[in-house]
Amino acid sequence: MIATLSGVVLVSSIYIYEAYFFTFDQINKESMQKGPGPATSPTDAYTADAYYEPYGGAAGGVNVWVEVTYNNEDHKVQTVYYGDAKSTFNMDWLDEDTLQIQNLDPDYPDSDRSINLRIGKDIYHEFGLACQSILMKDEYETCYKN
């Protein structure tokens with residue numbers, strides 16, 4: 001009985017920690033690969049870089065994340081996008097504060113993960129972990145998930 005109760009408490013604690021104390025620090029940066037970028041905003045205030053994170057070995061896939069560097073704020077770096085990488089991935093600035101991220105596979109229209117993000121206000125995490133994180137709630141106004 002004690003072992004079962006301890007196991008339930010341990011599993012519950014891990015779930016609560018993963019769900020509500022998420023940060024992008026958990027990204028495996030040891031196996032990361034450089035993606036598109038740098039893409040500099042029209043007035044050079046921001047620079048966006050994309051990175052790929054392979055997972056699951058030969059049968060796995062690739063995640064992509066985008067980091068924005070605030071060039072005028074002592075080069076502060078913020079992760080603004082995290083999702084499953086599709087066959088087409090591009091980043092373009094629509095204006096000074098809006099980054100357009102195109103992440104789709106033309107053969108699978110339901111797999112489109114493209115979005116326009118207002119820097120400093122919007123964030124995207126495919127599984128919604130950033131949206132429910134207590135630690136990250138002050139970093140954005142709007143959080144998007146798939």
Side-chain angles (χ1 to χ4, degrees), residues 7-146:
V8 168
V9 168
L10 179 64
V11 169
S12 298
S13 298
I14 291 170
Y15 172 76
I16 289 170
Y17 178 77
E18 290 290 324
Y20 298 104
F21 295 92
F22 173 83
T23 64
F24 287 109
D25 294 338
Q26 299 169 0
I27 296 173
N28 181 5
K29 294 187 177 183
E30 290 179 15
S31 62
M32 77 176 188
Q33 300 169 4
K34 182 78 171 95
T40 305
S41 64
T43 61
D44 297 329
Y46 308 107
T47 303
D49 289 287
Y51 302 94
Y52 295 117
E53 172 193 31
Y55 65 87
V62 177
N63 288 321
V64 62
W65 78 91
V66 176
E67 292 182 348
V68 172
T69 303
Y70 291 63
N71 297 327
N72 297 332
E73 294 181 32
D74 202 24
H75 296 284
K76 169 185 152 186
V77 176
Q78 180 185 27
T79 302
V80 297
Y81 183 94
Y82 185 85
D84 191 39
K86 306 301 176 191
S87 62
T88 301
F89 183 87
N90 295 307
M91 300 181 303
D92 290 306
W93 290 93
L94 297 179
D95 59 36
E96 180 53 37
D97 298 321
T98 307
L99 180 64
Q100 179 184 48
I101 297 172
Q102 182 184 30
N103 185 17
L104 58 95
D105 187 337
D107 295 332
Y108 300 95
D110 291 340
S111 72
D112 190 351
R113 304 294 187 265
S114 302
I115 194 166
N116 296 336
L117 297 173
R118 298 170 302 152
I119 302 306
K121 297 181 186 217
D122 299 339
I123 195 168
Y124 175 90
H125 189 282
E126 182 161 349
F127 308 113
L129 294 177
C131 301
Q132 64 190 19
S133 174
I134 295 168
L135 300 176
M136 295 188 65
K137 68 180 181 178
D138 294 332
E139 292 188 30
Y140 56 83
E141 291 177 13
T142 308
C143 184
Y144 299 97
K145 63 182 180 176
N146 182 28

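Along the sequence shown, residues carry numbers from 1.
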Query - Stepwise side-chain contact (heavy atoms from CB on, under 4.5 Å) check, R118 with T142 - result: CA-CA 9 Å; R118 298 170 302 152; T142 308; 3.6 Å; yes

Query raised in the report: If every non-hydrogen atom of P106 is compared with every non-hydrogen atom of S87, which pair is closest and at what distance?
Result: CD-OG, 3.6 Å

Query - Charged tip of K34 within 45° of Y52 ring normal and under 6.0 Å - result: no

Report task. Identify, with sequence neighbours excluded, every residue that meets side chain to side chain donor-acceptor pair (under 3.5 Å) alongside T47. Result -> N71

Query raised in the report: Rounded to the nearest 0.5 Å, how far apart are CG of D97 and NZ of K121?
Result: 7.5 Å

Query raised in the report: Where do V62 and Q33 land on the side-chain contact (heavy atoms from CB on, under 4.5 Å) test, with the steps shown first?
Result: CA-CA 10 Å; V62 177; Q33 300 169 4; over 6 Å; no

Query raised in the report: Is it true that K76 and D74 have a side-chain N and a carboxylate O under 4.0 angstrom from each other?
Result: no

Query raised in the report: Do I119 and W93 come close enough that some side-chain heavy atom pair is under 4.5 Å?
Result: yes

Query raised in the report: How long is the gap from CD on E67 to CD on Q78, to the nearest 0.5 Å?
Result: 10.0 Å

Query raised in the report: Of all residues at least two apart in sequence or in a different chain, which pass the salt bridge (charged side-chain N to carboxylate O under 4.0 Å, His left out) check with E139?
Result: none

Report summary line: Heavy-atom closest pair (A45 atom, E96 atom, distance to 0.1 Å) is CB-OE2, 2.9 Å

Report summary line: All heavy atoms of M91 vs all of A48, minimum pair found to be CE-O, 3.6 Å

Query raised in the report: Less than 4.5 Å apart, any side-chain heavy atom of M136 and any of I123?
Result: yes

**Report entry** Exercise: do Y82 and E53 side chains pair donor with acceptor under 3.5 Å
**Finding:** yes

Requested in this report: To the nearest 0.5 Å, tell me how far H75 NE2 sits from Y70 OH.
Outcome: 14.0 Å

Query raised in the report: How many angstroms lie between CG in L104 and CG in N90, if you round to the nearest 0.5 Å?
Result: 8.5 Å

**Report entry** Main-chain N/O of V9 paired with S13 side-chain donor or acceptor, under 3.5 Å
**Finding:** yes

Query - For the student: nearest non-hydrogen atoms of G37 and D49, plus distance - result: C-OD1, 3.8 Å

**Report entry** Atom pair SG (C143) and CD (Q132), whose distance is rounded to the nearest 0.5 Å
**Finding:** 9.0 Å

**Report entry** Considering all heavy atoms, the nearest D112-N103 contact
**Finding:** OD1-O, 3.6 Å

Query raised in the report: Going through the distances and angles, do K86 and Y108 end up as a side-chain contact (heavy atoms from CB on, under 4.5 Å)?
Result: CA-CA 10 Å; K86 306 301 176 191; Y108 300 95; over 6 Å; no

Query raised in the report: Among Y144, Y140, Y81, which residue meets the ring-ring contact (aromatic ring centres under 6.0 Å, His included) test with Y124?
Result: Y81

Query raised in the report: If you take all heavy atoms of V66 and L99, which pair is closest and at what distance?
Result: CG1-CD2, 4.0 Å

Report summary line: Output for pair (D95 CG, N116 CG), nearest 0.5 Å, gives 9.5 Å

**Report entry** Stepwise side-chain contact (heavy atoms from CB on, under 4.5 Å) test for F127 and D84
**Finding:** CA-CA 10 Å; F127 308 113; D84 191 39; 5.7 Å; no

